[in-house]
Amino acid sequence: MIVKIYNFENMNIKKQFETIKKNTEEVIPEDELLRKLEKSSKTKTPLRIKWGADPSAPDIHLGHTVVLRKLRQFQDLGHIVIFIIGDFTARIGDPSGKDTTRPKLSVEEIKKNSTTYKEQVFKILDKQKTEVVYNSAWLENMKFDGLMQLFSFQSVSQTLQRNEFKKRMENGKDIRMLEFIYPLIQGYDSVVLKADVEIGATEQKFNLLMGRTLQKKYGQEPQVVITMPILEGLDGKQKMSKSLGNYVGVSEMPENIYGKIMSIPDELILRYFKLLTFLKSEDIKDIEISLKKENPKQIKEKLACTIVQDLYNKKHAEEAKTTFDAKHTPGKSLDDRIKHIKPEVKKISPSQLKEGKIWICSLLTTIKATASNSDARRLVEQGAVYIDNEKITDHKSEIALSKSKNTLITVGKRKYYETTLTE
RNA sequence: GGGGAGAUACUCAAGCGGUCAACGAGGGCAGACUGUAAAUCUGCUGGCUAUGCCUUCGAGGGUUCGAAUCCUUCUCUCCCCA
């Protein structure tokens with residue numbers, strides 16, 4: 001079917017199309033995307049690619065970058081990304097269940113989150129080709145008659161077909177009216193912005209399609225919907241999300257990002273390469289082959305380096321690798337490891353010392369290595385704590401700190417701290 | 001509007017007057033092993049300078065020598081009927 005649409009004189013468009021389609025879950029409908037690309041090229045008008053974000057969480061993680069990378073591809077092809085910050089909807093919140101995805105936020109919080117959001121997003125997106133808009137701009141002053149009209153366009157039974165709602169109904173969970181209308185609001189955004197394409201994760205499919213539906217109702221050419229796969233988290237099982245703790249934030253320290261990537265299960269390596277890098281198809285194929293021959297560790301190292309490099313730069317990636325190797329190469333003594341690790345520096349005030357000493361549990365809690373004294377005590381008893389490379393086994397130990405020399409504290413395999421004694 | 005069921009730690013889920021800081025499972029953390037991961041084994045998983053004490057079983061009040069457990073009011077949720 002689609003083959004017919006390809007024209008000989010339009011090789012470029014076909015290439016664009018293939019590039020865009022790569023690694024997506026679905027393009028709905030494909031032929032419309034082709035037509036839009038053609039029209040854009042003929043009229044020299046860039047397409048408007050919509051992407052919405054909810055500023056309720058201040059951090060974006062690698063899971064989000066799957067979509068961001070796709071947007072970036074559009075930009076590299078000359079199109080424009082419209083980045084909607086859902087400040088209005090964030091202000092209202094979403095009281096659904098326990099796993100509140102949209103807590104009610106104050107204006108200040110939203111502002112703050114939006115700022116960090118923008119910073120993080122532009123690690124992937126091209127700033128020059130991005131328009132940032134806030135949905136309060138049109139939602140805040142919407143009149144009730146406008147709302148009624150909007151509501152009249154969608155039926156309850158249709159909304160209930162949404163998978164998420166279906167599941168909730170089956171499991172006896174509640175659904176709020178508010179949640180019911182969120183898709184409409186999001187879809188209405190597409191109408192206001194006259195979006196050509198909207199991209200989101202597969203779980204957003206229903207909402208994205210609502211944009212199409214509503215644009216048709218309002219007499220517009222409907223947007224093409226592109227869904228991207230949902231990235232598995234570090235555990236390799238569940239989707240990457242902050243609340244599950246299996247995520248990598250794009251603003252994390254390079255060493256952290258590197259370390260976290262190195263902890264993914266082997267089965268995930270190829271998928272991460274596909275979704276989290278811009279490698280060409282040929283290179284991906286090579287990786288697939290070498291995964292069967294080589295020790296996957298080496299390939300994972302390459303993956304971790306590439307991701308860090310994209311988010312920071314090459315130098316950071318190399319440093320992160322050195323640090324990681326120092327921490328994790330077996331057989332190396334703690335002494336050896338420390339040489340290459342930058343411990344987190346923590347200040348201790350002398351007023352916390354008694355005769356130059358501090359109780360071990362109190363010390364660990366003060367530098368936030370542990371959540372409480374009890375927690376610290378447990379870790380000490382389990383032999384996880386080292387002070388200046390010496391294992392501490394007695395939870396009653398008093399540690400002497402001096403101004404002349406910093407003290408190195410190791411908790412478990414991953415946490416390294418250095419304390420300095422200052423006011 | 002009427003009737004029924006329920007709310008327990010990060011999650012699921014036991015407990016239904018004392019022996020409950022609360023069985024069990026998952027998750028998490030730590031130790032051993034390893035490739036860093038997975039798998040496996042072991043320990044820990046409310047707080048407190050701690051063989052004891054304090055706070056926690058949706059919220060408040062009450063009964064009792066003693067409450068997660070009984071009564072009562074409230075809040076929230078689910079199911080059935082209208």
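Bear in mind the structure is a predicted one, so any value in this text is a computation, not a measurement. A note on names: the letters A, B, ... follow the listed sequences, proteins ahead of strands, and every chain is numbered from 1.
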- Item | Pairwise 5' ranking along RNA chain B for A:Leu379 and A:Ser263, keeping only the more 5' one | A:Leu379

- What interatomic distance, in whole Å, is found between P of B:rU55 and the corresponding atom of B:rA67? 12 Å

- Message: Please give the distance between the P atoms of B:rA30 and B:rA37 as a whole number of Å.
- Response: 11 Å

- Item | Separation of atom NZ in A:Lys413 from atom P in B:rG28, rounded to whole Å | 15 Å

- Are A:Asn373 and A:Thr365 close enough that a side-chain donor and a side-chain acceptor fall under 3.5 Å? yes

- Item | Between B:rA38 (C1') and A:Asn246 (CG): distance, integer Å | 16 Å

- Considering only atom C1', compute the distance from B:rG1 to B:rA22 and round it to an integer number of Å. 41 Å

- Item | A:Thr159 side chain vs A:Ser155 backbone, donor-acceptor pair below 3.5 Å | yes

- What integer number of Å spans the P atoms of B:rU11 and B:rG46? 14 Å

- Task: To the nearest Å, give me how far apart CG (A:Asp235) and P (B:rA39) are.
- Result: 11 Å

- Could you list the residues that satisfy side-chain hydrogen bond (donor to acceptor under 3.5 Å, both in side chains) with A:Thr277, not counting sequence neighbours? none

- B:rC54 and B:rC20: how far apart are their C1' atoms, nearest whole angstrom? 15 Å

- Using the ring of each side chain (for Trp, its six-membered ring), is A:Phe83 parallel, tilted or perpendicular to A:Tyr117, with breaks at 30° and 60°? parallel

- Round to the nearest Å and state the distance from A:Leu234 atom CG to B:rG28 atom P. 11 Å

- Item | Spacing of the P atoms in B:rG60 and B:rU75 (rounded, Å) | 15 Å

- Syn versus anti for B:rU51, judged by chi lying within 90° of 0? syn

- Task: Quickly work out the A:Met262 CE to B:rU34 P distance and round it to whole Å.
- Result: 17 Å

- In whole angstrom, what separates A:Lys391's NZ from B:rA32's C1'? 11 Å

- Query: How long is the span from the CD1 atom in A:Ile82 to the CD atom in A:Glu198, to the nearest 0.5 Å?
  - Reply: 10.5 Å

- 5' to 3', nucleotides 41-53 of chain B under a 4.0 Å protein heavy-atom cut-off (B base, S sugar-phosphate only, - none) gives --BSS-SBBB---

- With rounding to whole Å, what would you report as the distance between B:rA5 and B:rA9 at their P atoms? 22 Å

- So do the side chains of A:Ile284 and A:Leu270 get within less than 4.5 Å of each other, counting heavy atoms only? yes

- Item | B:rU42 and B:rC33, which share atom name C1', separated by this distance in whole Å | 12 Å

- Query: Rounded to whole angstrom units, what separation is found between the CD1 atom of A:Ile299 and the P atom of B:rA38?
  - Reply: 18 Å

- Where each residue is assigned the nucleotide of RNA chain B containing its nearest heavy atom, which of A:Gly383 and A:Lys300 is assigned the position nearer the 5′ end? A:Gly383

- Query: Any side-chain hydrogen bond (donor to acceptor under 3.5 Å, both in side chains) pairs touching residues 136-145 of chain A, not counting sequence neighbours?
  - Reply: A:Asp87-A:Ser136, A:Arg91-A:Glu140, A:Trp138-A:Asp189

- Are a donor atom and an acceptor atom from the side chains of A:Thr227 and A:Thr202 found within less than 3.5 Å of each other? no

- Figure out the CG/P separation between A:Leu268 and B:rA38, and round it to whole Å. 12 Å

- Item | B:rC12 pairs with, by Watson-Crick or G-U criteria that keep both distances under 3.5 Å | B:rG24

